[in-house]
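We count ligands from 1, going down the list as the structure has it; atoms in each ligand are counted the same way. Side chains included, hydrogens not; waters and symmetry mates left out as well; all remaining heavy atoms used.
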Amino acid sequence: MYRAVNEIDMGAELEKVLITKAEIDAKLLELAAEIDRDYAGKDLLIVGVLKGAVMVMADLARALSSRVTMDWMAVSSYGAGTKSSGVVRILKDLDTDIAGRDVLIVEDIIDSGLTLSWLISNLGSRGPASLEVCTLLRKPEAAKVEIDVKYTGFDIPNEFVVGYGLDYAEKYRNLPFVGTLAPHVYGG
Ligand code: IMP
Ligand code: MG
């Protein structure tokens with residue numbers, strides 16, 4: 001269908017592939033079936049968190065058999081580095097009024113959970129009929145925060161990962177798989 005960046009193209013930059021495109025596709029089909037079932041007869045709004053969730057949104061939305069509407073939010077919590085700052089800013093708000101709506105937040109990854117807990121209270125204060133979370137990836141730290149994540153793709157080790165929407169300094173988002181980078185890429 002398309003010529004995606006592969007492991008060989010990545011050369012010495014790639015340490016390892018953690019989750020293949022085929023594994024992601026299979027998991028999104030499973031999650032989509034659950035979401036279809038849970039929201040049957042409802043008018044679901046899925047909210048993607050830019051930029052990381054672009055790939056998950058695009059593939060999850062196309063795996064759903066129910067018709068949904070899509071909206072986007074952009075928040076910033078990380079700088080160019082790999083540590084969460086805990087400071088969240090809205091860079092782009094929703095175009096949709098979510099009062100009375102069934103809303104599903106779609107995330108790429110939950111690490112410290114700081115971004116998501118902030119987002120849940122922010123969107124929760126707008127009076128949605130329901131508010132749930134779907135994330136492709138979750139790191140162990142996320143288990144320590146009180147966030148009720150309804151749909152989780154993969155629990156992964158506490159490593160910095162890139163690909164499938166996730167970046168390091170804005171690079172590697174277009175890798176079709178999720179992987180880790182060799183230490184020298186971080187200048188280490
Ligand atoms: P949290 O607030 O620590 O849960 O992380 C929030 C955001 O940081 C995520 O939505 C990602 O955009 C980014 N992030 C967290 N962990 C990683 C990673 O391993 N690779 C790339 N981005 C990450
Ligand atoms: Mg994100």
Side-chain angles (χ1 to χ4, degrees), residues 4-5 7 10 13-21 23-24 27-28 31 46-61 70-94 103-125 131-188:
V5 179
E7 296 163 60
M10 284 290 289
E13 285 172 276
L14 184 70
E15 185 176 67
K16 62 180 181 297
V17 173
L18 218 61
I19 309 169
T20 65
K21 178 71 169 86
E23 288 168 334
I24 294 170
K27 184 64 78 177
L28 289 181
L31 294 179
I46 56 175
V47 170
V49 185
L50 294 169
K51 304 169 200 170
V54 163
M55 306 297 178
V56 195
M57 276 286 272
D59 287 343
L60 178 72
M70 299 167 77
D71 202 348
W72 303 89
M73 252 183 111
V75 297
S76 110
S77 59
Y78 273 29
T82 62
K83 289 259 148 52
S84 192
S85 66
V87 180
V88 180
R89 276 188 309 142
I90 296 184
L91 304 177
K92 185 225 168 282
D93 208 339
L94 297 175
V103 178
L104 178 63
I105 299 171
V106 177
E107 263 286 21
D108 47 359
I109 192 165
I110 310 174
D111 183 359
S112 69
L114 288 171
T115 312
L116 191 59
S117 40
W118 181 90
L119 204 57
I120 289 170
S121 63
N122 185 289
L123 296 188
S125 72
L131 182 61
E132 299 290 351
V133 178
C134 174
T135 186
L136 180 70
L137 307 172
R138 185 172 56 180
K139 288 192 194 174
E141 286 294 311
K144 295 183 193 163
V145 271
E146 281 296 318
I147 301 178
D148 192 13
V149 179
K150 194 162 185 191
Y151 310 97
T152 304
F154 302 91
D155 282 303
I156 62 165
N158 198 13
E159 289 179 277
F160 195 80
V161 293
V162 296
Y164 203 73
L166 291 156
D167 74 304
Y168 170 62
E170 293 302 325
K171 286 174 70 186
Y172 312 106
R173 290 193 197 276
N174 71 314
L175 305 183
F177 51 83
V178 173
T180 56
L181 295 172
H184 72 80
V185 179
Y186 304 109

Check: Relative to the heavy atoms of Asp111, which atoms of ligand 1 are at a distance of less than 4.0 Å?
Finding: 1 (P), 3 (O), 4 (O), 5 (O), 15 (C), 16 (N)
Notebook entry, point to check: Short list, please: which atoms of ligand 1 are under 4.0 Å from a heavy atom of Ser112?
Noted result: 1 (P), 2 (O), 3 (O), 4 (O)
Check: If you round to the nearest 0.5 Å, how far is CD1 of Ile109 from CG of Leu116?
Finding: 12.0 Å
Checklist line | Leu116 heavy atom under 4.0 Å from ligand 1 | finding: no
Check: Which bit of Asp167 is near ligand 1, meaning a heavy atom under 4.0 Å away: side chain, backbone, both or neither?
Finding: backbone
Note to self: Would Val162 count as a polar contact of ligand 1, with the cut-off being nitrogen or oxygen pairs under 3.5 Å?
What the structure shows: no
Checklist line | Glu159: partners by side chain to side chain donor-acceptor pair (under 3.5 Å), with sequence neighbours left out | finding: Lys16
Item checked: NZ/NE/NH1/NH2 to OD/OE distance under 4.0 Å, Asp59 and Lys21 -> yes
Check: For Val149 and Val133, which heavy atoms make the closest approach, and how far apart are they?
Finding: CG1-O, 3.8 Å
Notebook entry, point to check: Which ligand 1 atoms are under 4.0 Å away from a heavy-atom of Lys139?
Noted result: 16 (N), 17 (C), 18 (C), 19 (O)
Notebook entry, point to check: At their closest point, which heavy atom of Val162 faces which heavy atom of Asp167, and how far apart are they?
Noted result: CG1-C, 3.9 Å
Checklist line | Partner set under side-chain contact (heavy atoms from CB on, under 4.5 Å) for Lys150, not counting sequence neighbours | finding: Asp38, Glu132
Next item on the list: Indicate, as side chain, backbone, both or neither, the part of Glu159 found under 4.0 angstrom from ligand 1 when only non-hydrogen atoms are considered.
Entry: backbone
Next item on the list: Just let me know how Ile109 lines up against ligand 1, side chain, backbone, both or neither, with a heavy-atom cut-off below 4.0 Å.
Entry: both
Item checked: Donor-acceptor contact below 3.5 Å, side chain Lys27 vs main chain Leu136 -> no
Next item on the list: Number the atoms of ligand 1 from 1 as they appear, then name those within less than 4.0 Å of a heavy atom of Glu107, with their elements.
Entry: 10 (O)
Check: What atoms of ligand 1 come within less than 4.0 Å of a heavy atom belonging to Thr115?
Finding: 1 (P), 2 (O), 5 (O), 6 (C)
Note to self: I'd like to know if Gly52 contacts ligand 1, where contact means a heavy-atom distance under 4.0 Å to any ligand atom.
What the structure shows: no
Check: Does Phe154 offer a backbone N or O that forms a donor-acceptor pair with the side chain of Thr152 under 3.5 Å?
Finding: no
Check: Quick check: does Gly113 get an N/O under 3.5 Å from an N/O on ligand 1?
Finding: yes
